[in-house]
Structures are given as C-alpha cells and as structure tokens.
A.B. asks: 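This is the structure I want to talk about, given as structure tokens.
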Amino acid sequence: MQVTRAVPLYAEVDHALGGRWISLRTAHREWLWHRADPARFDVTPGAPFVDVGGLEECVPTVRGTPDHGDAWSRPWHETGVDCPDFSLRRSIGSQDGAVVADYELTAEPGYRFVWAAHALLDLSPSARLVAPAGTPVLITDPTPVPRDWPAGLAELGPDDGTAVGAVVERGQIRVVDGEHQLDLYVECAGQPVSIALWRNLRGWPEGDPYRSVGVEPMLGRTFDRDDRTRPVAIVPASGTVRWRLTLTAHVEGTA
C-alpha cells in the first residue's frame, strides 16, 4: 500500500549577500535550483537582478524599482537587513520537521510593499502544482488575463519556449514531483497573500533562454508595489508587519 509520510526539511542561507536561501533539502533530494553567474558576487544596491537561483528575499517589490527589491543585493546580518526605507528581520527554525521562517518588516505607516520568497525549484517535466480548482489566478505574462485554477499552470511539462508569470490568490500551494511533495504556506494577518508563479520553460531571457520554475509565497497580489490596480501589503499604524512562511516536505512510499 502506498502512503505519504512527512520527512524532515532543512534550510541553509547565505548572509553575506542578500540572505539568499542556498539549500532546501530532505534526506532524499534538494528542492532549490541553481545556476552559475559570477556577476552575482559584484552586485551593489539598486543593481539589475542577477539570477543564480535558490530562494531570494524580494522586498519591497519584485518588478519595478529596484529590480527584484532592495534586500537581495545587500549584505545581511544574522537577523536581517536594513534598507533605506525599511528594516526586515527574519528567523528560520524547525517545527515538527517543517522549516518555519518568521518575518518582521518595520517602516513608516502607510508604506506600500510586496514581498516574495522567490524560490526557484529544481523540478522534473512531470512535476505538477496542486491548488483548489476555481481559485482566482491572474496571468501576468505575456498579457494580464484573469483565470481560475488550474488555468493551464498545474502541469509543468517539457521545455516549450514559453515564459508565463501568474499570481494565485491564496497563500498555500503544493508541489508534487514523482514521489516527493513540498507544501508552501504563507500567513499574515490583515495583509493580502498569494502564490506567485514563474513558469519559464526556456522562454526567457531572449537570446539565451534557460528553464526556471518559480513557486513563490508572497505578500500582495501583484509583482509591482506601484501597481494601483491590485492589492499590496501596507504597513499599519503600528509601523510593523509580521508574517510566517512554512515549508513542509513529504515522500510517498510503501507501507
């Protein structure tokens, strides 16, 4: 009989530049995808984004200015990073085998921001994404179109030369890749949450495309904090927003 059991998940981060998560693994597999680009080591605040995979902390925006936010290009201290308009604190621990990351952003009341756990996952063509049917989805690329889940996004498939961005209007999604399963869940009282998807099957960048699949828990429901048509996170009168990211792994086997 086939059964699914929880397995311990482990995270490793690099504080030297961007607080990037460089490993998210079980005893059975590594979940994060990586690519080499030496330009990543020379970035300065405000630089164009250099994609080396892993999980980048994108805040206060993903698209817009600064590109992929202001935190990924700065050195972090042990508890977070200080940027010109905000401070971000992060603590990562374990709870019943799950990886739990608690965040706190401090800024002036009314400050608008988007945060994304910009996780690029190492997934096979047979991998699929699981969310409730009918969940609202905004396809952002190449043209903004509202849809309902699965909206053609659930099955990854082989490289087909496309690149699609989307925002799923819920805070939880499941990734299934063969016998392995990863659940991603973001919760934040009083703020809009979502799951951003970047389904790049060698459709981007132009001229030298590669495959990268982003499954990204997010505060806000747009990639750009200056987007006035979609919800973003807004710092309340207290000056602080707190949220939690929980990542849980399972594996299927024979009982």
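Throughout, residue positions are numbered sequentially from 1 according to the sequence presented. Keep in mind the model is a prediction, meaning the values are calculated, not measured.
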A.B. asks: When you measure from the centre of the six-membered ring of Tyr210, is the NZ or CZ of Arg35 under 6.0 Å away and within 45° of the axis?
C.D. replies: yes
A.B. asks: So, Arg63 and Asp224, do they make that salt bridge, N to O below 4.0 Å?
C.D. replies: no
A.B. asks: For Ile139 and Ala166, which heavy atoms make the closest approach, and how far apart are they?
C.D. replies: CD1-CB, 4.1 Å
A.B. asks: Counting C-beta onward and ignoring hydrogens, is there a side-chain heavy-atom pair between Leu219 and Val114 closer than 4.5 Å?
C.D. replies: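 Not in contact.
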A.B. asks: Going through the checks in order, is the side-chain contact (heavy atoms from CB on, under 4.5 Å) test met by Glu78 and His15?
C.D. replies: CA-CA 7 Å; Glu78 197 68 27; His15 291 103; 3.7 Å; yes
A.B. asks: With hydrophobic residues grouped by side-chain heavy-atom distances under 4.5 Å, do Val213 and Ile22 end up in a single group?
C.D. replies: no
A.B. asks: Measuring from atom SG of Cys188 to atom CG of Leu105, what distance do you get when rounded to the nearest 0.5 angstrom?
C.D. replies: 10.0 Å
A.B. asks: Restricting to non-hydrogen atoms, name the atom on Ala163 and the atom on Gly203 that form the minimum distance, rounded to 0.1 Å.
C.D. replies: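 Scanning both residues completely, I find the closest heavy atoms to be CB-C, 4.0 Å.
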A.B. asks: Do Trp115 and Glu57 have side-chain N/O donor and acceptor atoms under 3.5 Å apart?
C.D. replies: yes
A.B. asks: Out of curiosity, does Trp33 fall in the hydrophobic cluster containing Leu247 (side-chain heavy atoms, cut-off under 4.5 Å, transitive links)?
C.D. replies: no
A.B. asks: Would you say Ser194's side chain and Ala196's backbone share a donor-acceptor pair under 3.5 angstrom?
C.D. replies: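 No, the answer is negative, given that no donor and acceptor are paired below the 3.5 Å cut-off.
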A.B. asks: How many angstroms lie between atom CG of Leu156 and atom CG of Leu123, to the nearest 0.5 angstrom?
C.D. replies: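 If we round to the nearest 0.5 Å, Leu156:CG and Leu123:CG are 6.0 Å apart.
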A.B. asks: Do Trp76 side-chain atoms and Gly18 backbone N/O form a donor-acceptor pair below 3.5 Å?
C.D. replies: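 Confirmed, Trp76 side chain pairs with Gly18 backbone.
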A.B. asks: Would you check, one step at a time, whether the test ring-ring contact (aromatic ring centres under 6.0 Å, His included) holds for Phe223 with Trp198?
C.D. replies: CA-CA 11 Å; Phe223 291 107; Trp198 173 237; 8.2 Å; no
A.B. asks: Do Val137 and Val167 have side chains that get closer than 4.5 Å, going by heavy atoms?
C.D. replies: no
A.B. asks: How long is the span from the CZ atom in Arg147 to the CG atom in Leu138, to the nearest 0.5 Å?
C.D. replies: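 Interatomic distance, Arg147 CZ to Leu138 CG, rounded to 0.5 Å: 10.0 Å.
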A.B. asks: Do Ser124 and Ser126 have side-chain N/O donor and acceptor atoms under 3.5 Å apart?
C.D. replies: yes
A.B. asks: Using the six-membered ring wherever Trp is involved, compare the ring planes of His118 and Phe49 and label them parallel, tilted or perpendicular (cut-offs 30° and 60°).
C.D. replies: perpendicular
A.B. asks: Do Arg128 side-chain atoms and Leu153 backbone N/O form a donor-acceptor pair below 3.5 Å?
C.D. replies: no
A.B. asks: Evaluate the salt bridge (Lys or Arg N to Asp or Glu O under 4.0 Å) criterion for residues Arg199 and Glu155: first the C-alpha distance (whole Å), next the side-chain angles of each, then the deciding distance (0.1 Å), finally the verdict.
C.D. replies: CA-CA 10 Å; Arg199 188 175 179 271; Glu155 308 293 335; over 6 Å; no
A.B. asks: Does a side-chain heavy-atom distance below 4.5 Å link Val7 with His28?
C.D. replies: yes
A.B. asks: Run the salt-bridge test on Arg40 and Glu56 with the 4.0 Å N-O cut-off and return the result as yes or no.
C.D. replies: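 Between Glu56 and Arg40 there is a salt bridge, with a charged N closer than 4.0 Å to a carboxylate O.
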A.B. asks: Please report the interatomic distance CG(Asp85) to OG1(Thr106), rounded to the nearest 0.5 Å.
C.D. replies: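 Asp85 CG to Thr106 OG1: 13.0 Å, rounded to 0.5 Å.
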A.B. asks: Rounded to the nearest 0.5 Å, what's the gap from NE2 on His180 to NE2 on His250? Could you check?
C.D. replies: 13.5 Å
A.B. asks: Do Tyr103 and Val241 make a side-chain contact, defined as non-hydrogen atoms from C-beta onward lying under 4.5 Å apart?
C.D. replies: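 Counting from C-beta outward, Tyr103 and Val241 never come under 4.5 Å.
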A.B. asks: Is there side-chain contact between Leu197 and Ile173, with at least one heavy-atom pair below 4.5 Å?
C.D. replies: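 Result yes, sub-4.5 Å side-chain heavy-atom pair found.
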A.B. asks: Starting from Val176, can I reach Leu32 by hopping between I/L/V/M/F/W/Y residues whose side chains sit under 4.5 Å apart?
C.D. replies: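 No; Val176 is not reachable from Leu32 via cluster members.
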A.B. asks: Checking Arg170 against Tyr185: is there a side-chain donor and acceptor pair closer than 3.5 Å?
C.D. replies: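 No, no side-chain donor-acceptor contact under 3.5 Å.
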A.B. asks: Taking C-beta and beyond as the side chain, do Pro236 and Gln191 meet within less than 4.5 Å on heavy atoms?
C.D. replies: yes
A.B. asks: side-chain contact (heavy atoms from CB on, under 4.5 Å), that's the test. Do Arg244 and Val100 meet it? Break it down for me.
C.D. replies: CA-CA 7 Å; Arg244 170 171 284 189; Val100 178; 3.4 Å; yes
A.B. asks: Once you round to the nearest 0.5 Å, how far does CG of Asp67 lie from SG of Cys58?
C.D. replies: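 These two atoms lie 8.5 Å from each other.
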A.B. asks: Report the C-alpha separation of Val52 and Arg20 in whole Å, then their side-chain angles, then the decisive distance to 0.1 Å, and conclude whether the side-chain contact (heavy atoms from CB on, under 4.5 Å) test is met.
C.D. replies: CA-CA 10 Å; Val52 293; Arg20 183 168 65 98; 3.6 Å; yes
A.B. asks: Taking Arg221 for the side chain and Val193 for the main chain, is one N or O donor matched with an acceptor at less than 3.5 Å?
C.D. replies: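 Flag set: sc Arg221 to bb Val193 pair under 3.5 Å.
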A.B. asks: Quick one: closest heavy-atom pair of Leu55 and Ala119, and the distance?
C.D. replies: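 Minimum heavy-atom separation between Leu55 and Ala119: CD1-CB, 3.6 Å.
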A.B. asks: Judged by atom type as modelled, is there a donor-acceptor pair below 3.5 Å linking the side chain of Ser212 to the main-chain atoms of Asn200?
C.D. replies: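 Not a single qualifying donor-acceptor pair exists.
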A.B. asks: Tell me, please, whether Trp31 has Arg29 positioned over its six-membered ring: NZ or CZ under 6.0 Å from the ring centre and within 45 degrees of its axis?
C.D. replies: yes
A.B. asks: Compare every heavy atom of Trp72 with every heavy atom of Pro48, then report the nearest pair and how far apart it is.
C.D. replies: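 Heavy-atom minimum between the residues: O-CH2, 3.4 Å.
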A.B. asks: State, without any angle test, whether Thr248 and Asp183 hold a side-chain donor-acceptor pair at a distance under 3.5 Å.
C.D. replies: no
A.B. asks: Judged by modelled atom types alone, do Thr162 and Asp160 share a side-chain donor-acceptor pair under 3.5 Å?
C.D. replies: yes
A.B. asks: For Thr135 and Trp149, indicate whether the former's side chain and the latter's backbone hold a donor-acceptor pair under 3.5 Å.
C.D. replies: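 Between the backbone of Trp149 and the side chain of Thr135 there is no qualifying donor-acceptor contact (under 3.5 Å).
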A.B. asks: If hydrophobic clusters are built by linking Ile, Leu, Val, Met, Phe, Trp and Tyr wherever their side-chain heavy atoms come under 4.5 Å apart, do Val186 and Val168 end up in the same one?
C.D. replies: yes
A.B. asks: Starting from the C-alpha separation in whole Å, work towards a yes-or-no answer on side-chain contact (heavy atoms from CB on, under 4.5 Å) for Tyr10 and Thr26.
C.D. replies: CA-CA 6 Å; Tyr10 305 94; Thr26 68; 5.8 Å; no
A.B. asks: Taking Asp159 first and then Arg211, would you say they form a salt bridge - that is, a charged N and a carboxylate O separated by under 4.0 Å?
C.D. replies: yes
A.B. asks: In the structure I gave you, are the side-chain heavy atoms of Tyr111 and Val232 within less than 4.5 Å of one another anywhere?
C.D. replies: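 SC-SC contact between Tyr111 and Val232 ruled out.
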A.B. asks: Could you report the tightest heavy-atom contact between Leu245 and Ala117, atom names first, then the distance?
C.D. replies: CD2-CB, 4.0 Å
A.B. asks: Are the charged groups of Glu12 and Arg25 less than 4.0 angstrom apart, N to O?
C.D. replies: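 Counted as a salt bridge, because a side-chain N and a carboxylate O are separated by less than 4.0 Å.
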A.B. asks: Less than 4.5 Å apart, side chain to side chain, heavy atoms only: is that true for Val130 and Gln181?
C.D. replies: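 Not in contact.
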A.B. asks: So, for Leu9 and Ala249, which heavy atoms are closest and what is the spacing to 0.1 Å?
C.D. replies: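 Heavy atoms of Leu9 and Ala249 come nearest at CD1-CB, 4.0 Å.
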A.B. asks: When you compare the side chains of Glu30 and Ser23, does any donor N or O come within less than 3.5 Å of an acceptor on the partner?
C.D. replies: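 On atom types as modelled, these side chains qualify, holding a pair under 3.5 Å.
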A.B. asks: Between Asp82 and Arg89, is there a side-chain N and carboxylate O pair less than 4.0 Å apart?
C.D. replies: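 Yes, this pair counts.
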A.B. asks: Can Leu129 be reached from Met218 by stepping across I, L, V, M, F, W or Y side chains whose heavy atoms are under 4.5 Å apart?
C.D. replies: no
